[in-house]
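Data first, discussion second: the structure below is written as structure tokens.
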Amino acid sequence: MKRSLALAALFGALSATSAFAQTEINILRAATSPEQEAYYEGIAKAYEAEHDGVTITFEYVANEAYKAKLPTLLQSDARPDIFYSWGGQTLLEQAKAGFTQPIGEMLPQEFLQTIPEAGLNAYTVDGKLYGLPLYATEVVVWVNTELTKKAGVDHTAIKTWDDFLSAVKTLKEAGVTPIIAGGQDKWPLHFYWSYLAVREGGPDVVTNAMAGENGGFENEAFVEAGKDFQELIELEPFQAGFMGTTYETASGMFADGAGAFHVMGDWDYLPMRERSTSGEGLPDSQLAIMTFPVVSDPVSEGGDQATLGGINGWAVSSSAEPEAVDFLAFMLSEEHQKEAARQQLFIPIVKGAGEALENPFFREVSQHIEASSYHQIFLDQFLGASVGATVNDISADLAQGAVSPEDAAAQVQEAWDFR
């Protein structure tokens with residue numbers, strides 16, 4: 001990839017093209033698509049070509065294994081220099097523990113001005129910047145339009161939770177599996193409880209609960225979210241054996257046409273095709289996305305325009321050399337973000353890079369996020385590792401009818417109290 005003279009000048013304060021000392025930059029990321037791996041490899045090679053003596057190494061670990069492995073690595077001498085991060089309470093805990101380092105003063109202001117404020121805030125702890133955002137994501141309802149049409153369901157008419165429940169009933173009556181879910185990993189199920197909580201309680205419901213206001217996580221909105229979810233579960237909407245199905249398997253099943261809906265992030269567009277039996281999945285003409293339904297009579301107003309997703313990015317470990325920060329800025333340049341958009345890899349966060357988006361689904365998601373009243377980061381990340389694990393656990397228990405909505409909310413509150 002080419003790097004303009006202007007961009008080289010922009011990072012001149014950190015990265016004169018004269019060679020750094022022999023330096024290896026190790027980067028750890030949750031597993032992604034082969035296309036994204038090739039994208040990162042190209043950026044690494046471009047940087048190495050301009051910086052003699054610098055070697056960039058990416059390591060990819062499966063999603064659940066990554067979450068388990070990272071805390072141990074950060075406490076060891078083998079910690080990565082840069083690691084993939086979902087921000088939120090988990091990043092705060094990492095910063096408080098001294099596992100990460102502030103990088104704001106190491107970056108040119110001209111570069112920082114290319115990042116939206118919301119993106120920088122997601123990686124800021126106590127006023128200090130500990131990482132940089134890579135892209136924004138939204139959890140949507142993926143739709144197999146061939147199956148919905150076969151069952152006589154108009155997905156464009158689904159606006160409310162009641163509409164969604166009615167569609168599930170119609171699909172079952174037509175012999176179509178309504179929803180494909182990867183229950184074994186639990187976090188795909190937390191999307192339902194989390195989204196419903198925001199829909200019921202409004203955009204401030206989570207931050208108010210964290211502050212101990214209005215009953216905390218035992219607030220009526222969280223209980224009602226559990227009841228809403230229960231209404232869905234009582235319809236047996238998922239494929240047989242969904243609790244034994246991983247996210248990756250469920251992703252491929254949906255792309256194979258096994259069910260009408262798949263509540264998952266926009267990031268699944270390419271991976272689900274690669275995980276399908278054919279390796280091609282559903283054609284675009286058979287795909288659509290819906291925003292997650294709103295509730296008709298919420299506990300509090302304002303949640304109907306909120307979105308749930310991530311502002312995913314990178315954090316820099318406390319032992320990383322300045323070269324790692326320089327490479328991170330290089331990787332997140334407008335040029336490279338536009339290339340990601342052109343390749344349909346993700347929705348870039350750098351200002352202006354989204355203009356290169358050609359994928360209609362990504363453009364639609366970008367518009368959703370831009371129009372949202374509030375973008376809530378995934379609760380299993382936003383609330384920190386221990387509380388996040390509880391959110392995932394109670395979501396899986398609700399999906400199996402193993403816990404009441406009241407007990408589910410109480411468990412999250414207890415986890416928050418003892419975090």
Determine whether the aromatic ring centres of Trp267 and Phe378 lie less than 6.0 Å apart. yes
Heavy atoms, side chains only, cut-off 4.5 Å: are Glu37 and Tyr40 in contact? no
Any salt bridge between Lys67 and Glu64, counting N to O under 4.0 Å? yes
Pro360 side chain near Arg363 side chain, heavy-atom distance below 4.5 Å: yes
With a 4.5 Å limit on heavy-atom distance, are the side chains of Glu364 and Asp266 in contact? no
Quick check: do Asn219 and Asn208 have side-chain heavy atoms less than 4.5 Å from each other? no
Taking the six-membered ring for Trp and the single ring otherwise, decide whether the centroids of Phe164 and Phe261 are under 6.0 Å apart. yes
Sub-6.0 Å ring centroid separation between Tyr39 and His336: no
How about Glu146: does its CD atom have over 12 heavy atoms from other parts shown lying under 6.0 Å from it? no
Is Lys159 paired with Asp304 through a side-chain N to carboxylate O contact shorter than 4.0 Å? no
Ignoring hydrogens and angles, state whether a donor on the side chain of Thr390 or Asp393 is under 3.5 Å from an acceptor on the partner side chain. no
Check whether any side-chain heavy atom of Val294 lies under 4.5 Å from a side-chain heavy atom of Thr291, and answer yes or no. no
Go through the structure and list residues passing salt bridge (charged side-chain N to carboxylate O under 4.0 Å, His left out) with Glu35, not counting sequence neighbours. none
Does Lys128 NZ have over 12 foreign heavy atoms under 6.0 Å away? no
For Leu282, give me all partners under side chain to side chain contact (heavy atoms under 4.5 Å, CB included), at least two apart in sequence or on another chain. Asn144, Phe254, Gln286, Leu287
Note, Glu213 side chain near Asp204 side chain (heavy atom, < 4.5 Å): no
Would you say the rings of Trp314 and Phe83 are close, in the sense that their centroids are separated by under 6.0 Å? no
Consider ring pair (Phe, Tyr, Trp, His ring centres under 6.0 Å). Of Phe362, Tyr269, Tyr135, which one does Phe346 pass it with? Tyr135
How long is the span from the CD atom in Gln381 to the CH2 atom in Trp187, to the nearest 0.5 Å? 10.5 Å
May I ask you to test the Pro188-Met264 pair for a side-chain heavy-atom distance under 4.5 Å? yes
Can you check whether Phe382 and Trp86 have ring centres sitting under 6.0 Å from each other? no
Under 4.0 Å between a Lys/Arg side-chain N and an Asp/Glu carboxylate O for Glu93 and Lys96? no
If you measure from the Lys or Arg side-chain nitrogens to the Asp or Glu carboxylate oxygens, is any gap between Lys227 and Glu200 under 4.0 Å? no
Is there a side-chain contact between Ile349 and Pro116, using heavy atoms and a 4.5 Å cut-off? yes
Exercise: do Arg275 and Ser251 side chains pair donor with acceptor under 3.5 Å: yes
Going by the side chain to side chain contact (heavy atoms under 4.5 Å, CB included) test, name the single residue among Glu323, Glu321, Glu48 that passes it with Ile25. Glu323
